[in-house]
Amino acid sequence: MTATAQDTLDAIDRHLLDDFQQDLPVVERPWAVMAEQLGIDEEEVLARLRRLQAAGLISRVGPVFRPNRIGVSTLVAMAVPEQRLDSVAAWISSLPEVNHNYEREHDFNLWFVVTADDQAHLCSVLARIERHTGLAVLELPMLEDYFIDLGFRLQWT
Amino acid sequence: MNTEHGMIEDPRQTALIAAIQEGLPLEPRPWAVIGERLGMSEEEVMRRVRALQGDGSIKRLGVVVRHRRLGYRANAMVVWDLPDERVAEVGHCFGRFDFVTLCYRRPRRQPVWPYNLFTMIHGRDRAEVRARVGELIVACGLEDVPHAVLFSRRSFKQRGARYRFVDLPEVPAASMEAGRGVS
């Protein structure tokens, strides 16, 4: 899938991606409700969602949890020497407690989120990372959330 | 059943969260399928999900798109060094823009890290991201506020947060890794 992924999407796909990011009804047959709004049948909604997921355009249909309401998490930054970046990043990604893990253009070049059941678990993961890599971690937990997540508005060109 | 820290301690609730965090099964009656796995009725599953929505634990429920795959190939974490007394005001100002997809206050870590407000900005290319940063500066009165734009270069791993690291079924590697490539 490349930059042209969008080109393969028809109007119903776009409607489906754009307008169902937040209020999936909690009813027995949610896809049937979507189907009615899209003017297609329930089976086709499911087929399209499966196809979009297989193509990697949607990661899932489900909940987005507010951070730190369930479990604890923190953003972590590390300054990794360039020649070690690939191997350190791969090892960090292999940890089940790590979700997003990005290289960013800065002296602090590796950024990831660690999520754990509780604070003790979180601290042990961070200690393990420092021990394994011999590098310091910058722990940047969320203190306040100003963002109301209404999904992401896509602009079709 | 939340503790003072806002964490959920009810074991049936945590089991449910573990079951839905990777997404709903794409089956005609998804809540019934989840209920079957957990030994809960479809009705109990739906009631618990509504409760999680009601107390704000679930921010939204629906399609979670992958920006990068949809042509939004540039993203930057833009960080701001604000006077402490301005953080809330500016945070709420940022929250009005639909191209800002995260806006958190985080601690400074002096001397290496002076920034205390973090935003995530997506765009189809870097020029669009930079233009949007400029728009925020004007709209929220940030002309004198130091900031840094950290463009993402590679995504090594991208998936929703997972909770409960014991008793979780293994996830196929293909669904855990995504978005590799240069932006």
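Numbered from 1 within each chain, the chains take letters A, B, ... in sequence-line order. The structure presented is a predicted model; accordingly, all values stated were derived computationally and were not measured.
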A:L52 portion near chain B, given a 4.5 angstrom heavy-atom threshold: neither

Interchain contact, A:Q53 with chain B, by part (heavy-atom threshold 4.5 Å): side chain

Winner by heavy-atom pair count (cut-off under 4.5 Å) against chain B, out of A:P63, A:A77, A:P25: A:P63

Evaluate the criterion ring pair (Phe, Tyr, Trp, His ring centres under 6.0 Å) for residue pair B:Y115 and B:H147; output intermediate values, then yes/no. CA-CA 8 Å; B:Y115 305 102; B:H147 72 276; 8.6 Å; no

Answer key: most heavy-atom pairs under 4.5 Å with chain A among B:E27, B:Q53, B:R47 is B:E27

Is it the backbone or the side chain of B:A88 that comes under 4.5 Å from a heavy atom of chain A, or both, or neither? both

CD of A:E97 to OG1 of A:T74, rounded to nearest 0.5 Å, is 13.5 Å

B:E135/B:R132 salt bridge by N-O under 4.0 Å criterion: no

Is any side-chain heavy atom of B:M77 closer than 4.5 Å to one of B:S152? no

Hey, which of B:L150, B:V45, B:L102 has the most heavy atom pairs under 4.5 Å with chain A? B:L150

Rounded distance [0.5 Å steps], CD in B:E22 versus CZ in A:R60: 8.0 Å

The interface call for B:F94 against chain A, heavy-atom contacts under 4.5 Å, is neither

Side-chain heavy-atom pair B:F97, B:I121 within 4.5 angstrom cut-off: no

Just so I understand: if I count every heavy-atom pair under 4.5 Å between each of B:V149, B:N116, B:V49, B:V87 and chain A, which residue has the most? B:V87

Measuring heavy-atom distances to chain B, does A:V114 have an atom under 4.5 Å in its side chain, in its backbone, in both, or in neither? neither

Residue A:L138 versus chain B: region with a heavy atom under 4.5 Å: side chain

What I'd like to find out is whether the side chain of A:L110 reaches to under 4.5 Å of the side chain of A:R84, using heavy atoms alone. no

Can you tell me which portion of A:E42 sits under 4.5 Å from chain B's heavy atoms? Options are side chain, backbone, both or neither. side chain

For the residue pair A:V98 and A:S93, establish whether any side-chain heavy-atom pair is separated by less than 4.5 Å. no

I'd like to verify something: which residue of A:L49, A:L75, A:D23 has the highest number of heavy-atom pairs under 4.5 Å with chain B? A:L75

Are A:R104 and A:Y102 in a cation-pi setup, meaning NZ or CZ lies under 6.0 angstrom from the ring centre and within 45 degrees of the ring axis? yes

Heavy-atom pairs under 4.5 Å with chain B are the metric here; pick the option from A:I58, A:V26, A:L24 that has the most. A:V26

State, with a plain yes or no, whether a side-chain heavy atom of B:R130 is found less than 4.5 Å away from one of B:F151. yes

For chain A, find which of B:P107, B:G23, B:G91 contributes the most heavy-atom pairs closer than 4.5 angstrom. B:P107

Which portion of B:V112 sits near chain A, non-hydrogen atoms under 4.5 angstrom: both

